[in-house]
Participant: 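Pasting in a structure now, in C-alpha coordinates, and then I'll have a few things to ask.
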Protein chains: 2
Amino acid sequence: MKDNKKAHDIFTKFLKNGKNRITPERFQVLDVALEMEEHFGADELYLQIKMNKINVSRATVYNTLELLVQCKLLVKRNFGDNIAKYESCFERKRHDHLVCTDCGKIFEFTDTDIYPIIDKICTESNFEFNNYSFNIFGKCKDKSNCTKQNENLD
Amino acid sequence: MKDNKKAHDIFTKFLKNGKNRITPERFQVLDVALEMEEHFGADELYLQIKMNKINVSRATVYNTLELLVQCKLLVKRNFGDNIAKYESCFERKRHDHLVCTDCGKIFEFTDTDIYPIIDKICTESNFEFNNYSFNIFGKCKDKSNCTKQNENLD
DNA sequence: ATTGCTGCAAAACGTTTGCACCTAT
DNA sequence: ATAGGTGCAAACGTTTTGCAGCAAT
(Lines give C-alpha, C1' and ligand atoms only; values in the text may rest on other atoms or scores of the structure.)
Protein backbone atom coordinates (compact mmCIF):
# COMPACT_ATOMS: atom_id res chain seq x y z
CA MET A 1 0.00 0.00 0.00
CA LYS A 2 1.19 3.47 -0.84
CA ASP A 3 1.66 6.08 1.81
CA ASN A 4 -1.92 7.24 2.17
CA LYS A 5 -1.38 9.04 5.44
CA LYS A 6 -1.13 12.48 3.89
CA ALA A 7 -4.25 11.85 1.84
CA HIS A 8 -6.07 10.68 4.97
CA ASP A 9 -5.00 13.84 6.78
CA ILE A 10 -6.28 16.04 3.97
CA PHE A 11 -9.59 14.19 3.95
CA THR A 12 -9.92 14.31 7.74
CA LYS A 13 -9.28 18.05 7.79
CA PHE A 14 -11.80 18.59 5.00
CA LEU A 15 -14.47 16.49 6.71
CA LYS A 16 -14.07 18.24 10.05
CA ASN A 17 -14.13 21.61 8.38
CA GLY A 18 -17.46 20.87 6.73
CA LYS A 19 -19.01 19.24 9.81
CA ASN A 20 -19.01 15.91 7.99
CA ARG A 21 -18.49 12.83 10.07
CA ILE A 22 -15.31 10.80 10.10
CA THR A 23 -16.40 7.27 9.23
CA PRO A 24 -14.32 4.17 8.44
CA GLU A 25 -16.27 3.63 5.19
CA ARG A 26 -15.14 6.97 3.79
CA PHE A 27 -11.50 6.12 4.32
CA GLN A 28 -11.96 2.68 2.83
CA VAL A 29 -13.32 4.33 -0.31
CA LEU A 30 -10.37 6.71 -0.37
CA ASP A 31 -7.86 3.86 -0.01
CA VAL A 32 -9.34 1.81 -2.82
CA ALA A 33 -9.65 4.91 -5.03
CA LEU A 34 -5.95 5.64 -4.63
CA GLU A 35 -5.12 2.06 -5.66
CA MET A 36 -7.28 2.15 -8.81
CA GLU A 37 -5.99 2.36 -12.32
CA GLU A 38 -6.54 5.78 -13.86
CA HIS A 39 -9.99 6.89 -14.93
CA PHE A 40 -12.28 4.60 -13.02
CA GLY A 41 -16.06 4.87 -12.87
CA ALA A 42 -17.96 5.02 -9.59
CA ASP A 43 -19.54 1.64 -10.11
CA GLU A 44 -16.21 0.14 -11.11
CA LEU A 45 -14.84 1.31 -7.79
CA TYR A 46 -17.85 -0.15 -6.00
CA LEU A 47 -17.22 -3.54 -7.63
CA GLN A 48 -13.53 -3.37 -6.74
CA ILE A 49 -14.53 -2.71 -3.13
CA LYS A 50 -16.84 -5.72 -3.17
CA MET A 51 -14.04 -7.84 -4.64
CA ASN A 52 -11.82 -6.76 -1.76
CA LYS A 53 -14.52 -8.11 0.59
CA ILE A 54 -14.99 -4.63 2.01
CA ASN A 55 -18.56 -3.86 2.99
CA VAL A 56 -19.42 -0.38 1.73
CA SER A 57 -22.65 0.34 -0.09
CA ARG A 58 -23.12 1.93 -3.49
CA ALA A 59 -24.74 4.97 -1.92
CA THR A 60 -21.71 5.53 0.29
CA VAL A 61 -19.31 5.10 -2.61
CA TYR A 62 -21.10 7.68 -4.76
CA ASN A 63 -21.42 10.07 -1.83
CA THR A 64 -17.78 9.70 -0.78
CA LEU A 65 -16.45 10.19 -4.30
CA GLU A 66 -18.15 13.59 -4.42
CA LEU A 67 -16.53 14.54 -1.13
CA LEU A 68 -13.13 13.44 -2.43
CA VAL A 69 -13.60 15.64 -5.47
CA GLN A 70 -14.55 18.58 -3.26
CA CYS A 71 -11.36 18.26 -1.24
CA LYS A 72 -9.37 17.85 -4.46
CA LEU A 73 -7.98 14.40 -3.78
CA LEU A 74 -9.81 13.24 -6.91
CA VAL A 75 -10.89 14.91 -10.14
CA LYS A 76 -14.08 14.03 -11.94
CA ARG A 77 -13.80 13.75 -15.69
CA ASN A 78 -15.92 12.94 -18.67
CA PHE A 79 -14.55 11.58 -21.90
CA GLY A 80 -17.69 11.88 -23.95
CA ASP A 81 -19.47 8.68 -22.97
CA ASN A 82 -21.65 10.19 -20.24
CA ILE A 83 -20.08 8.12 -17.52
CA ALA A 84 -18.40 10.03 -14.73
CA LYS A 85 -14.77 9.00 -14.46
CA TYR A 86 -12.62 9.73 -11.44
CA GLU A 87 -8.87 10.04 -11.21
CA SER A 88 -6.53 10.62 -8.30
CA CYS A 89 -4.85 13.99 -8.30
CA PHE A 90 -3.12 13.43 -4.98
CA GLU A 91 0.56 14.25 -5.49
CA ARG A 92 0.10 14.18 -9.26
CA LYS A 93 0.74 16.85 -11.85
CA ARG A 94 -2.30 18.43 -13.48
CA HIS A 95 -2.78 17.10 -16.99
CA ASP A 96 -5.29 16.84 -19.81
CA HIS A 97 -6.31 14.16 -22.27
CA LEU A 98 -6.22 13.08 -25.87
CA VAL A 99 -9.03 10.64 -26.64
CA CYS A 100 -8.77 8.38 -29.68
CA THR A 101 -12.23 8.03 -31.21
CA ASP A 102 -11.08 4.92 -33.09
CA CYS A 103 -9.71 2.73 -30.34
CA GLY A 104 -10.93 4.54 -27.23
CA LYS A 105 -7.46 4.89 -25.76
CA ILE A 106 -6.78 7.90 -23.61
CA PHE A 107 -3.41 9.65 -23.59
CA GLU A 108 -2.30 12.26 -21.10
CA PHE A 109 -0.47 15.46 -21.84
CA THR A 110 0.66 18.41 -19.81
CA ASP A 111 0.70 21.86 -21.29
CA THR A 112 1.02 24.91 -19.12
CA ASP A 113 0.31 27.37 -21.94
CA ILE A 114 -3.36 26.96 -21.23
CA TYR A 115 -3.17 28.45 -17.72
CA PRO A 116 -2.70 32.09 -18.74
CA ILE A 117 -5.62 31.70 -21.14
CA ILE A 118 -7.83 30.45 -18.34
CA ASP A 119 -6.65 33.30 -16.12
CA LYS A 120 -7.46 35.84 -18.77
CA ILE A 121 -10.93 34.48 -19.44
CA CYS A 122 -11.83 34.28 -15.75
CA THR A 123 -10.64 37.84 -15.16
CA GLU A 124 -12.52 39.16 -18.17
CA SER A 125 -15.70 37.31 -17.19
CA ASN A 126 -15.46 38.08 -13.47
CA PHE A 127 -15.41 34.39 -12.70
CA GLU A 128 -13.93 32.66 -9.68
CA PHE A 129 -11.94 29.77 -11.11
CA ASN A 130 -12.43 26.36 -9.58
CA ASN A 131 -11.55 23.78 -12.21
CA TYR A 132 -11.47 23.14 -15.93
CA SER A 133 -11.72 20.27 -18.38
CA PHE A 134 -9.86 20.09 -21.65
CA ASN A 135 -10.07 17.06 -23.94
CA ILE A 136 -8.89 16.66 -27.49
CA PHE A 137 -10.73 14.07 -29.58
CA GLY A 138 -9.14 12.57 -32.67
CA LYS A 139 -7.34 9.53 -33.96
CA CYS A 140 -3.98 7.98 -33.15
CA LYS A 141 -2.12 8.30 -36.45
CA ASP A 142 0.20 5.54 -35.39
CA LYS A 143 -2.18 2.73 -36.26
CA SER A 144 0.07 -0.02 -34.93
CA ASN A 145 -0.71 1.49 -31.56
CA CYS A 146 -4.44 1.71 -32.15
CA THR A 147 -6.44 -1.46 -31.71
CA LYS A 148 -9.42 0.08 -33.46
CA GLN A 149 -12.21 -1.49 -31.50
CA ASN A 150 -14.76 0.02 -33.83
CA GLU A 151 -14.17 -1.83 -37.06
CA ASN A 152 -17.19 -0.23 -38.66
CA LEU A 153 -15.25 2.95 -39.41
CA ASP A 154 -13.78 4.09 -42.75
CA MET B 1 -38.62 29.52 -39.35
CA LYS B 2 -35.02 30.28 -40.09
CA ASP B 3 -33.46 29.59 -43.45
CA ASN B 4 -32.68 25.93 -43.02
CA LYS B 5 -32.12 25.24 -46.69
CA LYS B 6 -28.34 25.33 -46.48
CA ALA B 7 -28.38 23.06 -43.45
CA HIS B 8 -30.68 20.66 -45.30
CA ASP B 9 -28.29 20.66 -48.25
CA ILE B 10 -25.33 19.86 -46.03
CA PHE B 11 -27.25 17.03 -44.38
CA THR B 12 -28.49 15.65 -47.71
CA LYS B 13 -24.99 15.64 -49.13
CA PHE B 14 -23.65 13.92 -46.02
CA LEU B 15 -26.35 11.27 -46.04
CA LYS B 16 -25.87 10.44 -49.72
CA ASN B 17 -22.14 10.30 -49.28
CA GLY B 18 -22.46 7.71 -46.52
CA LYS B 19 -25.16 5.68 -48.26
CA ASN B 20 -27.62 6.71 -45.58
CA ARG B 21 -31.21 7.15 -46.66
CA ILE B 22 -32.92 10.48 -47.02
CA THR B 23 -35.96 10.23 -44.77
CA PRO B 24 -38.46 12.92 -43.74
CA GLU B 25 -37.94 12.05 -40.05
CA ARG B 26 -34.27 12.98 -40.20
CA PHE B 27 -35.03 16.42 -41.57
CA GLN B 28 -37.76 16.95 -39.00
CA VAL B 29 -35.19 16.27 -36.29
CA LEU B 30 -32.77 18.71 -37.92
CA ASP B 31 -35.41 21.44 -38.15
CA VAL B 32 -36.43 21.15 -34.50
CA ALA B 33 -32.78 20.97 -33.41
CA LEU B 34 -32.03 24.25 -35.18
CA GLU B 35 -34.97 25.89 -33.39
CA MET B 36 -33.89 24.72 -29.93
CA GLU B 37 -32.39 26.89 -27.26
CA GLU B 38 -28.70 26.25 -26.81
CA HIS B 39 -27.49 23.09 -25.09
CA PHE B 40 -30.43 20.77 -25.35
CA GLY B 41 -30.46 17.12 -24.40
CA ALA B 42 -31.57 14.35 -26.76
CA ASP B 43 -34.63 13.55 -24.70
CA GLU B 44 -35.49 17.23 -24.41
CA LEU B 45 -35.48 17.40 -28.20
CA TYR B 46 -37.66 14.31 -28.36
CA LEU B 47 -40.21 15.89 -26.04
CA GLN B 48 -40.16 19.10 -28.06
CA ILE B 49 -40.85 17.06 -31.18
CA LYS B 50 -43.79 15.37 -29.46
CA MET B 51 -45.11 18.77 -28.38
CA ASN B 52 -44.98 19.89 -31.99
CA LYS B 53 -47.20 16.88 -32.81
CA ILE B 54 -44.48 15.48 -35.03
CA ASN B 55 -44.30 11.71 -35.01
CA VAL B 56 -40.66 10.69 -34.70
CA SER B 57 -39.51 8.01 -32.28
CA ARG B 58 -36.88 8.28 -29.59
CA ALA B 59 -34.69 5.80 -31.44
CA THR B 60 -34.74 7.96 -34.54
CA VAL B 61 -34.01 11.12 -32.58
CA TYR B 62 -30.95 9.60 -30.90
CA ASN B 63 -29.78 8.11 -34.17
CA THR B 64 -30.26 11.30 -36.14
CA LEU B 65 -28.49 13.47 -33.59
CA GLU B 66 -25.38 11.33 -33.99
CA LEU B 67 -25.54 11.80 -37.75
CA LEU B 68 -25.92 15.56 -37.31
CA VAL B 69 -22.82 15.59 -35.13
CA GLN B 70 -20.92 13.59 -37.75
CA CYS B 71 -21.72 16.11 -40.46
CA LYS B 72 -20.86 18.94 -38.07
CA LEU B 73 -24.23 20.66 -38.03
CA LEU B 74 -24.33 19.98 -34.29
CA VAL B 75 -21.71 19.58 -31.59
CA LYS B 76 -22.10 17.23 -28.68
CA ARG B 77 -21.05 18.60 -25.33
CA ASN B 78 -20.91 17.59 -21.72
CA PHE B 79 -20.99 20.04 -18.86
CA GLY B 80 -20.16 17.62 -16.09
CA ASP B 81 -23.61 16.19 -15.40
CA ASN B 82 -23.24 13.11 -17.60
CA ILE B 83 -26.04 14.14 -19.91
CA ALA B 84 -25.13 14.57 -23.56
CA LYS B 85 -25.96 18.09 -24.65
CA TYR B 86 -26.21 19.17 -28.26
CA GLU B 87 -25.77 22.60 -29.76
CA SER B 88 -26.11 23.89 -33.28
CA CYS B 89 -22.85 24.94 -34.88
CA PHE B 90 -24.44 25.75 -38.22
CA GLU B 91 -23.26 29.24 -39.19
CA ARG B 92 -22.01 29.84 -35.66
CA LYS B 93 -18.58 30.71 -34.38
CA ARG B 94 -16.71 28.03 -32.43
CA HIS B 95 -16.78 28.80 -28.72
CA ASP B 96 -16.24 27.30 -25.30
CA HIS B 97 -18.00 27.52 -21.95
CA LEU B 98 -17.78 28.83 -18.43
CA VAL B 99 -20.00 26.83 -16.09
CA CYS B 100 -21.09 28.34 -12.77
CA THR B 101 -21.13 25.60 -10.17
CA ASP B 102 -23.35 27.74 -7.93
CA CYS B 103 -26.24 28.59 -10.20
CA GLY B 104 -25.65 26.24 -13.10
CA LYS B 105 -25.60 29.01 -15.69
CA ILE B 106 -23.44 28.52 -18.73
CA PHE B 107 -21.61 31.39 -20.38
CA GLU B 108 -19.91 31.28 -23.75
CA PHE B 109 -16.54 32.69 -24.65
CA THR B 110 -14.37 32.66 -27.73
CA ASP B 111 -10.63 32.52 -27.45
CA THR B 112 -8.48 31.66 -30.41
CA ASP B 113 -5.26 31.40 -28.38
CA ILE B 114 -6.13 27.81 -27.67
CA TYR B 115 -5.90 26.70 -31.31
CA PRO B 116 -2.09 26.81 -31.62
CA ILE B 117 -1.85 24.85 -28.37
CA ILE B 118 -4.11 22.15 -29.78
CA ASP B 119 -2.09 22.12 -33.00
CA LYS B 120 1.14 21.72 -31.10
CA ILE B 121 -0.16 18.88 -28.93
CA CYS B 122 -1.62 16.97 -31.88
CA THR B 123 1.60 17.31 -33.84
CA GLU B 124 3.73 16.20 -30.91
CA SER B 125 1.45 13.25 -30.17
CA ASN B 126 0.96 12.26 -33.81
CA PHE B 127 -2.76 12.69 -33.43
CA GLU B 128 -5.30 13.47 -36.12
CA PHE B 129 -7.43 16.25 -34.66
CA ASN B 130 -11.16 15.91 -34.86
CA ASN B 131 -12.65 17.95 -32.05
CA TYR B 132 -12.01 19.25 -28.56
CA SER B 133 -13.90 20.24 -25.44
CA PHE B 134 -12.86 22.97 -23.08
CA ASN B 135 -14.95 23.96 -20.07
CA ILE B 136 -14.05 26.20 -17.17
CA PHE B 137 -15.90 25.52 -13.91
CA GLY B 138 -16.18 28.18 -11.23
CA LYS B 139 -18.49 30.76 -9.76
CA CYS B 140 -20.02 33.95 -11.14
CA LYS B 141 -18.48 36.60 -8.90
CA ASP B 142 -21.31 38.95 -9.78
CA LYS B 143 -23.80 37.42 -7.38
CA SER B 144 -26.69 39.60 -8.49
CA ASN B 145 -26.45 37.64 -11.69
CA CYS B 146 -26.26 34.26 -10.00
CA THR B 147 -29.49 32.77 -8.76
CA LYS B 148 -27.62 30.24 -6.63
CA GLN B 149 -29.91 27.30 -6.98
CA ASN B 150 -27.79 25.38 -4.48
CA GLU B 151 -28.45 27.18 -1.23
CA ASN B 152 -26.51 24.58 0.72
CA LEU B 153 -23.20 26.17 -0.19
CA ASP B 154 -20.95 28.37 1.97
C1' DA C 1 -29.21 12.34 22.66
C1' DT C 2 -28.91 14.04 18.44
C1' DT C 3 -28.27 14.04 13.69
C1' DG C 4 -25.68 12.52 10.02
C1' DC C 5 -24.25 8.25 7.72
C1' DT C 6 -24.94 3.65 6.29
C1' DG C 7 -26.81 -0.47 3.75
C1' DC C 8 -30.18 -2.16 1.07
C1' DA C 9 -33.41 -2.20 -2.49
C1' DA C 10 -36.12 0.13 -5.44
C1' DA C 11 -36.72 3.87 -8.49
C1' DA C 12 -35.25 7.22 -11.69
C1' DC C 13 -32.97 8.72 -15.52
C1' DG C 14 -30.80 8.95 -20.08
C1' DT C 15 -29.74 5.88 -23.58
C1' DT C 16 -29.69 1.56 -26.37
C1' DT C 17 -31.68 -2.51 -28.28
C1' DG C 18 -34.87 -6.12 -30.44
C1' DC C 19 -38.26 -6.79 -33.42
C1' DA C 20 -41.86 -6.44 -36.84
C1' DC C 21 -43.25 -3.30 -40.20
C1' DC C 22 -42.32 0.17 -43.60
C1' DT C 23 -40.05 2.85 -47.31
C1' DA C 24 -36.23 5.01 -50.00
C1' DT C 25 -33.43 3.31 -53.24
C1' DA D 1 -36.55 -6.46 -54.35
C1' DT D 2 -33.80 -5.35 -50.66
C1' DA D 3 -31.27 -3.06 -47.36
C1' DG D 4 -31.76 0.30 -44.27
C1' DG D 5 -34.86 3.09 -41.28
C1' DT D 6 -38.76 3.48 -38.32
C1' DG D 7 -41.88 3.16 -34.08
C1' DC D 8 -42.69 1.02 -30.04
C1' DA D 9 -41.67 -0.95 -25.79
C1' DA D 10 -38.69 -3.24 -23.11
C1' DA D 11 -33.98 -3.56 -21.45
C1' DC D 12 -29.83 -1.58 -20.00
C1' DG D 13 -26.28 0.68 -17.01
C1' DT D 14 -25.36 4.49 -14.17
C1' DT D 15 -26.84 7.28 -10.62
C1' DT D 16 -30.19 8.79 -7.03
C1' DT D 17 -33.51 8.14 -3.46
C1' DG D 18 -36.39 6.44 0.62
C1' DC D 19 -36.16 4.42 4.72
C1' DA D 20 -35.03 1.98 8.90
C1' DG D 21 -31.21 1.12 11.73
C1' DC D 22 -26.58 2.50 13.24
C1' DA D 23 -22.76 5.22 14.99
C1' DA D 24 -19.89 9.59 15.37
C1' DT D 25 -20.23 13.50 17.77
Side-chain angles (χ1 to χ4, degrees), chain A residues 8 11-30 32-33 36 39-50 52-71 74 76-86 150 152, chain B residues 8 11-30 32-33 36 39-50 52-71 74 76-86 150 152:
Chain A
H8 279 221
F11 198 25
T12 304
K13 192 174 289 182
F14 168 81
L15 290 172
K16 284 189 175 160
N17 230 8
K19 288 147 192 85
N20 297 292
R21 288 190 182 161
I22 313 286
T23 69
E25 288 85 355
R26 287 178 168 170
F27 289 89
Q28 286 171 317
V29 172
L30 171 55
V32 179
M36 292 293 279
H39 314 140
F40 56 92
D43 228 68
E44 216 174 314
L45 180 66
Y46 170 72
L47 294 175
Q48 185 60 46
I49 282 174
K50 288 288 124 176
N52 292 3
K53 309 275 187 214
I54 301 171
N55 192 29
V56 177
S57 71
R58 252 199 189 84
T60 301
V61 169
Y62 277 84
N63 166 37
T64 305
L65 285 172
E66 280 316 303
L67 294 171
L68 289 169
V69 169
Q70 282 173 36
C71 71
L74 300 182
K76 191 175 186 174
R77 301 195 179 274
N78 190 296
F79 299 117
D81 58 356
N82 302 322
I83 301 172
K85 291 292 187 342
Y86 297 85
N150 294 313
N152 54 336
Chain B
H8 279 222
F11 198 26
T12 303
K13 192 174 291 182
F14 169 79
L15 290 173
K16 283 188 177 161
N17 230 8
K19 290 148 190 86
N20 298 293
R21 288 192 183 159
I22 314 285
T23 68
E25 288 86 353
R26 288 176 167 171
F27 289 89
Q28 286 171 317
V29 172
L30 171 55
V32 179
M36 292 293 279
H39 315 141
F40 55 92
D43 229 68
E44 216 175 313
L45 180 66
Y46 171 72
L47 294 174
Q48 185 61 44
I49 281 175
K50 289 287 126 178
N52 292 3
K53 310 273 186 217
I54 301 171
N55 192 29
V56 176
S57 71
R58 253 199 188 84
T60 301
V61 168
Y62 277 83
N63 166 37
T64 305
L65 284 172
E66 280 316 302
L67 294 170
L68 290 169
V69 169
Q70 283 174 34
C71 71
L74 300 182
K76 192 174 185 175
R77 300 195 179 276
N78 189 296
F79 299 117
D81 59 357
N82 302 322
I83 301 171
K85 290 291 187 344
Y86 297 85
N150 293 314
N152 54 335

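Per chain, numbering begins at 1; letters A, B, ... match sequence-line order. Quick caveat, the model's predicted, so the values are computed rather than measured.
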Participant: For F79(A), which residues count as a ring-ring contact (aromatic ring centres under 6.0 Å, His included) partner, sequence neighbours excluded?
Facilitator: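 Scan of F79(A) (ring-ring contact (aromatic ring centres under 6.0 Å, His included), adjacent residues dropped) gives H39(A), H97(A).
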
Participant: Closest-nucleotide mapping onto DNA chain C: is T23(B) or S57(A) further toward the 5' terminus? I mean the 5' end.
Facilitator: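 It is S57(A) whose nearest nucleotide is closer to the 5' end.
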
Participant: Quickly work out the E66(A) CD to dT14(D) P distance and round it to whole Å.
Facilitator: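 Nearest whole value for this atom pair: 16 Å.
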
Participant: Taking the side chain of N55(A) as heavy atoms from C-beta outward, which of dC8(C), dA24(D), dG7(D) is closest to it?
Facilitator: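 Of all the options, the side chain of N55(A) is nearest to dC8(C).
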
Participant: Nearest-Å distance, CG (N63(A)) to C1' (dG18(D))?
Facilitator: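 Taking atom C1' of dG18(D) as the reference, CG of N63(A) is at 15 Å.
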
Participant: According to salt bridge (Lys or Arg N to Asp or Glu O under 4.0 Å), does anything in residues 60-70 of chain A pair up with another residue at least two apart or in another chain? List the pairs.
Facilitator: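 Output for this query lists E66(A)-K76(A).
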
Participant: Could you tell me the separation between the CG atom of L67(A) and the C1' atom of dT6(C), rounded to a whole number of Å?
Facilitator: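 Nearest whole value for this atom pair: 13 Å.
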
Participant: Enter the inter-axis angle for the ends of the helix from dA1(C)-dT25(D) to dT25(C)-dA1(D) (five pairs per end, rounded to 10°).
Facilitator: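 Terminal axis comparison yields 40°.
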
Participant: Could you name each residue pair satisfying side-chain hydrogen bond (donor to acceptor under 3.5 Å, both in side chains) that touches residues 52-63 of chain B, not counting sequence neighbours?
Facilitator: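 Every pair satisfying side-chain hydrogen bond (donor to acceptor under 3.5 Å, both in side chains) with a residue in residues 52-63 of chain B: D43(B)-R58(B), D43(B)-Y62(B), Q48(B)-N52(B), K50(B)-N55(B), S57(B)-T60(B).
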
Participant: Which residue in the set T64(A), L65(A), L68(A) passes side-chain contact (heavy atoms from CB on, under 4.5 Å) when paired with L30(A)?
Facilitator: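 Of the listed residues T64(A), L65(A), L68(A), the side-chain contact (heavy atoms from CB on, under 4.5 Å) partner of L30(A) is L68(A).
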
Participant: In chain order, what residues pass the ring-ring contact (aromatic ring centres under 6.0 Å, His included) check against F27(A), with sequence neighbours excluded?
Facilitator: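 F27(A) satisfies ring-ring contact (aromatic ring centres under 6.0 Å, His included) with H8(A), F11(A) only.
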
Participant: Output one letter per nucleotide in nucleotides 11-23 of chain C: B when a protein non-hydrogen atom lies under 4.0 Å from the base, S when only the sugar-phosphate is that close, - when neither is.
Facilitator: ---SBBB-----B

Participant: Got a list of side-chain donor-acceptor pairs under 3.5 Å for residues 15-22 of chain A, not counting sequence neighbours?
Facilitator:
none

Participant: Find the distance F11(A):CZ to dA24(D):C1' and express it as a whole number of Å.
Facilitator: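 From F11(A) CZ to dA24(D) C1': 15 Å.
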
Participant: Using only side-chain N and O atoms of N20(A), determine if any of them is under 4.0 Å from OP1 or OP2 of dG4(C).
Facilitator: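 So the side chain of N20(A) is outside the cut-off, no N or O lying under 4.0 Å from OP1 or OP2 of dG4(C).
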
Participant: Distance check needed: dT6(D) P versus L65(B) CG, whole Å only.
Facilitator: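 Computing the L65(B):CG to dT6(D):P distance gives 12 Å.
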
Participant: To the nearest Å, give me how far apart CD (E25(A)) and P (dC8(C)) are.
Facilitator: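 Nearest whole value for this atom pair: 11 Å.
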
Participant: Measure from CZ on R26(B) to C1' on dT6(D) and round the result to the nearest Å.
Facilitator: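 Going from R26(B) (CZ) to dT6(D) (C1'), I get 10 Å.
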
Participant: Mind checking ring-ring contact (aromatic ring centres under 6.0 Å, His included) for Y46(A) and listing every partner two or more places apart, or none if nothing turns up?
Facilitator: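 Y46(A) satisfies ring-ring contact (aromatic ring centres under 6.0 Å, His included) with no residue once adjacent residues are dropped.
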
Participant: Which residues pass the ring-ring contact (aromatic ring centres under 6.0 Å, His included) test with Y86(A), sequence neighbours left out?
Facilitator: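 Listed in chain order: nothing, the list is empty.
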
Participant: Given atom NZ of K19(A) and atom P of dC5(C), what is their separation to the nearest angstrom?
Facilitator: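 So the two atoms are 13 Å apart, to the nearest Å.
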
Participant: Determine the minimum heavy-atom distance between N82(A) and I83(B), stating which atoms define it.
Facilitator: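 It is OD1-C, 3.8 Å.
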
